[in-house]
Amino acid sequence: MTDEPRRGAVEARGWGWRHASRRAWALRDVSFRIDPGERVLLLGASGSGKSTLLHGLAGVLGGDEEGEQTGELRVDGAPAAGARGRAGLVLQDPDSQVILARVGDDAAFGCENLGVPRDEIWLRVGAALDAVGLDVPLDRPTKALSGGQKQRLALAGALAMQPGILLLDEPTANLDPAGVAEVRDAVAALLAHRATTLVVVEHRVEVWLPLVDRVIVLGEGGVIADGSPDAVLGREGRSLAAAGVWVPGIPPALPPPPARAPGAPLLTARGLAVARVRGVAVADGIDLEVRAGSALAITGPNGAGKSTLGLTVAGLLAPASGSLTASPVLAAGATAEPIRWRSRELLTRIGTVFQDPEHQLLATTVRAELEVGPHALGLDPAVTGRRVDELLERLRLTRLAEANPYTLSGGEKRRLTVAAALATAPRVLVLDEPTFGQDARTWAELVTLLARLRDGTDAEEGSAIVAITHDHAVIDALRADRYELRGPS
């Protein structure tokens, strides 16, 4: 009997991949078969190689100059590296998939490469944009989209291709709750009408359980669990949770509540309007206070201006109107307007973690990245070394200390950028989606570190945390006050 390949079949036979600049393998000895039409949730701790596997299936890992592989990875019976176009891939970072300047052109790009007739392309594009809830003109500049809107655009482009295999890498990571439901429902609608094979990597396990019929878990030594969702998450839930896998019903440990009441305001906004393009406010009428020893969560739908507000609070964007002023304690002799501070003055006053980790990576190794801030402050090398070693250990980055930051997984990059901000011990820390890409264990450790910064010590008042987030669990864990944005009035 011959094993006739069918559209949408995936198979790994002892497969592994090692990035060219890394000694350690991203993953090894991975073996499984996915039949056409199966719907698979791919789980594993942060850094277990989930994204690398999806890149391999999509044929975008590169050749021998990019890394080394063992075993086989096949799509429809052919080597995955030569089967491009059979799989549609939506990456963790939507910016890396925005190719063209206008929304419609970008959504149509994949179809054009597949040679789809022009009239059919635009029918597909319109249906895909509607399916993911991206209600913007086709000529809207892609640079004007928020991170969450770009994520919807990336998914629309993949759906428009009508691929035999749909590969989703954290597709709802930067979306508001309504957007999460829209993306899941768009995928469900596709699966209802086409026998598409689905492989989705997602830490929001409960969102995708209604759509999947199989769970594969990656760990050291390859596949460590494989079966129906009930069998894998029910029978092995405790051990998987201990390894860092998000398991519904088994929440991670939370830090204790704040040890004392919030202190005085460090930053105050009054009648503030924020904008990335001069004269075009994305949110206005903002009145808020950022208090020492407390956490403030900035929430709201995608496109409401949350990231722009975060950059303004961080002193990196000038207010469009209104005011943002620092208290004398925070300014410490500098002007009261953070936008006028020099970079060295910002370092210990306001730290920033951008939504996209790669936008702030500066060094060639993880350790050197953590040393950038302390070196700029002129800290004693011994103090810097102890601080860096502790952060590497607490955020499970020690084994990656000499790795190139760009070869890390999305979750590892996020922990690195948070650690780099913590290394300067700022009085205010502004974080955009701080828990993106984290497994249950690293999520808990990261949140605990933020709570420690918030609480300070017996001798020193705590810092202020400002988190732009859709993660309600982190809001609850940090006992954060909420400021909800609705866009310009």
Side-chain angles (χ1 to χ4, degrees), residues 262-300 304-356 359-360 362 372-374 376-379 417-418 420-434 450 453-454 456 460-469 478 480-483 485 488:
L266 297 176
L267 291 167
T268 301
R270 291 290 179 259
L272 180 67
V274 297
R276 299 209 187 204
V277 178
R278 186 182 295 274
V280 184
V282 293
D284 56 22
I286 299 167
D287 295 313
L288 58 80
E289 292 179 335
V290 177
R291 293 179 172 271
S294 71
L296 174 66
I298 298 174
T299 64
K306 300 184 299 298
S307 295
T308 305
L309 175 56
L311 293 172
T312 306
V313 169
L316 300 176
L317 284 178
S321 63
S323 65
L324 176 75
T325 55
S327 70
V329 171
L330 182 62
T335 176
E337 300 173 72
I339 188 61
R340 297 174 59 189
W341 293 348
R342 298 181 302 243
S343 58
R344 183 181 175 86
E345 291 174 320
L346 277 172
L347 268 178
T348 55
R349 291 173 171 84
I350 307 177
T352 308
V353 176
F354 298 153
Q355 187 177 78
D356 181 352
H359 287 175
Q360 62 190 108
L362 300 171
V372 169
L377 292 173
L379 294 185
T417 53
V418 172
L422 291 172
T424 62
R427 292 301 315 278
V428 178
L429 180 57
V430 180
L431 310 105
D432 199 338
E433 299 293 354
L450 295 178
L453 181 69
R454 174 202 65 195
E460 292 187 10
E461 187 177 45
S463 297
I465 307 293
V466 180
I468 296 123
T469 184
L478 292 175
D481 295 325
R482 300 184 189 219
Y483 186 91
L485 278 184

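Both backbone and side-chain heavy atoms feed into the values below; hydrogens, waters and symmetry mates do not.
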For [X] versus [Y], what's the shortest heavy-atom pair and its separation?
| X | Y | value |
| --- | --- | --- |
| P319 | L272 | CB-CD1, 3.4 Å |
| A318 | I339 | N-CD1, 3.5 Å |
| S307 | Q355 | OG-NE2, 3.8 Å |
| I350 | W341 | CD1-CZ3, 3.8 Å |
| P338 | L324 | CD-O, 3.6 Å |
| A334 | E345 | CB-OE2, 3.9 Å |

Are the side chains of [X] and [Y] in touch, meaning some heavy atoms are under 4.5 Å apart?
| X | Y | answer |
| --- | --- | --- |
| L316 | V430 | no |
| T417 | F354 | no |
| L311 | V274 | no |
| I286 | T312 | no |
| R270 | E289 | yes |

Review point. Quick one: which of T348, T325, L267 gives a side-chain contact (heavy atoms from CB on, under 4.5 Å) with L330?
Key: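 That would be L267.
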Under the 3.5 angstrom rule, does the side chain of [X] hit a backbone N or O of [Y] as a donor-acceptor pair?
| X | Y | answer |
| --- | --- | --- |
| K306 | L485 | no |
| R427 | A464 | no |
| D432 | V353 | no |
| R291 | G263 | yes |
| Q360 | A420 | no |

Check your understanding: Quick check: are there more than 12 heavy atoms from other residues, nucleotides or ligands sitting under 6.0 Å from CZ of R340?
Key ->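 At most 12 heavy atoms, drawn from other residues, nucleotides or ligands, come within 6.0 Å of this atom.
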**Study point:** Value rounded to 0.5 Å, distance of CG in D481 from CD1 in I465
**Key:**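 The CG atom of D481 sits 13.0 Å away from the CD1 atom of I465.
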Review point. Between T308 and R276, does any side-chain donor sit less than 3.5 Å from a side-chain acceptor?
Key: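 Distance-only check passes for T308 and R276.
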